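Comments concern the structure below.
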Amino acid sequence: MIYLDHAATAPVPRAVADAMYQVLTEQYGNPSSQYPFGSEMKKRAESWRQAVAALLDCPADRLFFTSCGTEGDNWALRAAVWQNRHVGNHIVTTAVEHSAVLECCKWLEREGCEVTCLAPDQDGGISAEQVLEAVRPDTAAVSVMLVNNELGTVFPVADIARGLAARNPKTLLHTDAVQGLGTFSAKALGADFVTVSAHKIGGPKGAGALYIGPRVKNPRPLLAGGGQERGLRAGTEATAQIAGFAKAAELRLENRARDRARLESLHAYAREELLNIPDMVPVGAGTAPHILSVSLAGWPSQNIVNDLGAQGVCVSAGSACHQGKPSHVIAALKLPKRVAAGVIRLSFGPGTTEAEVDACVQALRRHHDSRMPML
Ligand code: PLP
């Protein structure tokens, strides 16, 4: 099988699985237990927090483990709106956020918030100025993702943070950095909330983290209970998941420069090879080196994904989270119908090879040559 869908989820390296196995079978104590077997786990959990915090470049005591990126997004938005309930109930976000943000915004709208949803340009870009112009005196929260999961577009979160300080210093900034984990420094970004998820970097599914910055004085707890995560997110720590997350973070940090260079050259190679296929056109102007969005204009993407899948090649028709429904991200680009219908996303990991890209290109050529366009 050729797996080119790392933005959906990444394979777990052996070292990560081993770290988890050890915790499951040998170090299974509850970090809240009073005897040494438990308190030892508490110490280990803090060392895992430090490992993940090192990848984000943030203080460990400001990082809270969650069960996934979706949870972090929901928690951050609700905490920001709650903290700023005296400022107002206006939220600014973008039309290309992950549904974890957009659906949470819809809920907040039902609860009385007003949401401004910014449209991207045809390349998928949104400028800092566009975001700042939408901010009002009653804007409680701004939520702009760092890297778009379908297009690989990188948004100017640090510029937004700087601009907010002048435009409305009370507004809290959240960024969904799930697709950017390992490429940024939370300190340099300047956002008040940063969401990340383990399974996009080779950690297990079911683990994530939320950075909550110092401007959020008394963060609204997500779960009340036994006081875990400094009383903000109760529930017995998912120690094996967290151990796996920490190991994946260590590996990412260790190999960061090498992986980035490899991915950049692979991205350039794949783009060139794909665009040599007749009727293939680029989609968006994403610069994240692990995500590449293109369209076989006129050939419906769901058919492409099914046919390539049958040929043993895994790519995505937009975000895997949309499960066959047309993607709101692609819709927001307002592309010609033929182009919008044929969008596929290839996404790479540190181990992806040019030979795998070649096999995908061949499968796409076979698809192009054996089917008539439907649009
Ligand atoms: N945000 C973005 C940008 C994503 O790509 C994803 C997952 O695809 C999520 C949030 C949700 O993360 P999780 O699957 O950990 O809930």
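From a predicted model like this one, the values you see are computed outputs, not experimental measurements. Each residue takes its place number in the sequence, starting with 1. In listed order, ligands and their atoms are each counted from 1.
Close approach to T70 involves these atoms of ligand 1, each under 4.0 Å from a residue heavy atom: 11 (C), 12 (O), 13 (P), 16 (O). Remark: ligand 1 atoms within the under-4.0 Å shell around heavy atoms of H199 are 13 (P), 14 (O), 15 (O).
At a heavy-atom distance under 4.0 Å, no atom of N148 approaches ligand 1. With a 4.0 Å cut-off on non-hydrogen atoms, V178 touches ligand 1 through its side chain and not its backbone.
Under a 3.5 Å cut-off, the side chain of S67 and the backbone N or O of G206 do not form any donor-acceptor pair.
The pair K247-E250 meets the salt-bridge criterion, since a charged nitrogen lies less than 4.0 angstrom from a carboxylate oxygen. A salt bridge is defined here as a Lys NZ or Arg NE, NH1 or NH2 lying under 4.0 Å from an Asp or Glu carboxylate O, and R78 with E111 meets this definition. Classification of R262 and E354 as a salt-bridged pair fails, no side-chain N sitting under 4.0 Å from a carboxylate O. The pair R230-D61 does not meet the salt-bridge criterion, since no charged nitrogen lies less than 4.0 angstrom from a carboxylate oxygen.
Ranked by closest heavy atom to atom 8 (O) of ligand 1, the top entry among M145, K200, Q179 is K200.
Taking only nitrogen or oxygen atoms, main chain and side chain alike, C68 does not reach within less than 3.5 Å of ligand 1.
Residues F64 and Y211 place their aromatic rings such that the two centres sit no closer than 6.0 Å.
In this structure, E97 does not count as a contact residue of ligand 1, since none of its heavy atoms falls inside 4.0 Å of the ligand.
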